[in-house]
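To start, the structure itself, in C-alpha cells.
Just so it is clear, the structure is predicted and the values come from calculations on it, not from any experiment.
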Amino acid sequence: MAVCVPIRDVKDTTKFLEVVNGAGSPVTVTRNGYEAFVAMTPDAYEGMRIEAAKAALYGRLAIAERQRLNGEVVSGEDFLEGLLCQHGR
C-alpha cells in the first residue's frame, strides 16, 4: 500500500525514519498536495538499482541474440585483429 506523508512530517526526522523503515515500500512526501520526493530504505534503493541493472543487461542480451540470429557476428580472432589494427599494431 502506498504511503504518503506531508512535507511538514519530515521535520521530525526520527518519526519520519520510523515511517520509512516501517512502510515496506517507498514513501512519497507531498508538498501542497503534489509529490515532492520519494524516500526509501537503503535496501529498497539497492534492490531497485539491481533490478535496473538486470533490465539493462537483459536488453543488451536481447540485442546480441537478435544480431546473432541475423548473422551480424564476427569470430573472436577477427574481432581481436580489428582491435589490434585500430591501435596500430
Distance, nearest 0.5 Å, that separates [atom1] of [X] from [atom2] of [Y]:
X	Y	atom1	atom2	answer
S75	L80	OG	CG	8.5 Å
D9	K11	CG	NZ	10.0 Å
T30	E35	OG1	CD	8.5 Å
L84	F79	CG	CZ	10.0 Å
R49	K54	CZ	NZ	13.5 Å
R66	E72	CZ	CD	9.0 Å

Linked, directly or transitively: F37 and V3 (ILVMFWY side chains, under 4.5 Å) = yes
In one Ile/Leu/Val/Met/Phe/Trp/Tyr side-chain cluster, 4.5 Å: V74, L83 | yes
Looking only at heavy atoms, what is the nearest atom pair of V73 and R68, with distance?
-> CG1-CA, 3.7 Å
State whether the number of non-hydrogen atoms from other residues, nucleotides or ligands found under 6.0 Å of E77 atom CD is greater than 12.
-> no
Just wondering, more than 12 heavy atoms not from E81 lying within 6.0 Å of its CD?
-> no
Exercise answer: donor-acceptor pairs, residues 12-22 side-chain atoms, under 3.5 Å, sequence neighbours excluded:
| from | atom 1 | to | atom 2 | distance (Å) |
| --- | --- | --- | --- | --- |
| D12 | OD1 | K15 | N | 3.3 |
| N21 | ND2 | L17 | O | 3.4 |

Side chain T41, main chain A44, donor-acceptor under 3.5 Å = yes
Do the side chains of V10 and V29 get nearer than 4.5 Å, heavy atoms only?
-> yes
